[in-house]
Amino acid sequence: PLGGSPDGFPPGCGGRRPHSCYLKREGPRVKQLADFIKGAPQPIARGFAPVRFGAGEHILWEGEENRWVYLLLEGSAEGYLQSAQGGVSSVFYYQPVSLFGEFEVFAPGGNIINVAALSPCRLLRLSGELFLEWIKSDFEFNCHVIRQIVEKTAQNAIALDCFSHSTAR
């Protein structure tokens, strides 16, 4: 419903891809989020709350306080910004199994973006406090979260660069 492209890059970006240093390299299998969910310590696993959202429903609203981190198990969702004039700019596309809401744990003061379900979504919701405990207790998981934040930041920088070039006169 919001537009953009499923590869995470805005329309008109000419299919630009991240610089080669951001691309996945072949090598030993790296643990994925699904592996961490399955192996979560019991106090963390007990905190997982299953939630569902229908296509088009909002999961997060920009500016609203959020105390949760979401782990997307099924479906797809779009993170986007909306201007005061009503324009929508896609920021990120979430596919299974991915994580969102983690930025807000480290940057309190409200959600940074809107997130809406593009298709029916099944998620696990975890409190920000338990998320921080999980990071403290599992260095590998901590590294996974850092890698994801770095990837999102790099993709957002590329999208911003594409946007600035498409609007420059």
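We count residues from 1, following the sequence as given.
- At a threshold of 4.5 Å between non-hydrogen side-chain atoms, the residues L72 and L124 do not count as touching.
- With ring centers used as reference points, F92 lies under 6.0 Å from Y94.
- Across all their heavy atoms, G75 and P96 have their closest contact at O-CD, 3.0 Å.
- A donor-acceptor pair under 3.5 Å is formed between the side chain of Q148 and the backbone N or O of L99.
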Worksheet item: Does the pair F106 and L132 meet the rule for a side-chain contact (heavy atoms from CB on, under 4.5 Å), with working shown?
Response: CA-CA 9 Å; F106 299 106; L132 287 174; 3.9 Å; yes
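- Minimum interatomic distance between A77 and I59 (heavy atoms only, all atoms of both residues): CB-CD1, 4.3 Å.
- Annotation: side chain of L81 is not in contact with side chain of N114 (no heavy-atom distance under 4.5 Å).
- The two atoms that bring C121 and S76 nearest to each other are SG-O, 3.2 Å, heavy atoms only.
- The distance from the CG atom of N66 to the CD atom of E104 is 5.5 Å, given to the nearest 0.5 Å.
- Under the 3.5 Å distance criterion, the side-chain polar atoms of N111 are matched with a main-chain donor or acceptor of E64.
- For the pair K31 and H144, the tightest heavy-atom approach, listed with the atom from each and the gap, is O-ND1, 3.8 Å.
- Rounding to the nearest 0.5 Å places CD of E74 at 9.5 Å from CG of L123.
- The residue from Y70, W68, F131 that alone fulfils the ring pair (Phe, Tyr, Trp, His ring centres under 6.0 Å) condition with F100 is Y70.
- I112 CD1 to K152 NZ: the interatomic distance, rounded to the nearest 0.5 Å, is 9.5 Å.
- F53 and W61 sit in two unconnected hydrophobic clusters of ILVMFWY residues. Membership requires side-chain heavy atoms under 4.5 Å apart, directly or through other members.
- More than 12 heavy atoms of other shown residues, nucleotides or ligands fall within 6.0 angstrom of atom CZ in R147.
- When every heavy atom of S137 is checked against every heavy atom of P41, the shortest pair comes out as OG-CG, 4.0 Å.
- From Q82, atom CD reaches atom CD1 of I113 across 13.0 Å, with rounding to the nearest 0.5 Å.
- Contact of the V105 side chain with the V69 side chain is registered, since non-hydrogen atoms from C-beta on lie closer than 4.5 Å.
- No side-chain heavy atom of Y93 sits less than 4.5 Å from a side-chain heavy atom of Y80.
- Separating the CG atom in L118 from the CD atom in E57 is a distance of 12.5 Å, to the nearest 0.5 Å.
- Without hydrogens or angle criteria, D138 side chain to I135 main chain gives no donor-acceptor distance under 3.5 Å.
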Practice prompt. Mind running ring pair (Phe, Tyr, Trp, His ring centres under 6.0 Å) on F48 and W134 for me, showing each step along the way?
Written response: CA-CA 12 Å; F48 290 145; W134 193 4; 5.7 Å; yes
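- The main-chain N or O of S90 is never found under 3.5 Å from a side-chain atom of E78 such that the two would form a donor-acceptor pair.
- L71 has its side chain within reach of L33: a pair of non-hydrogen atoms, C-beta onward, lies under 4.5 Å apart.
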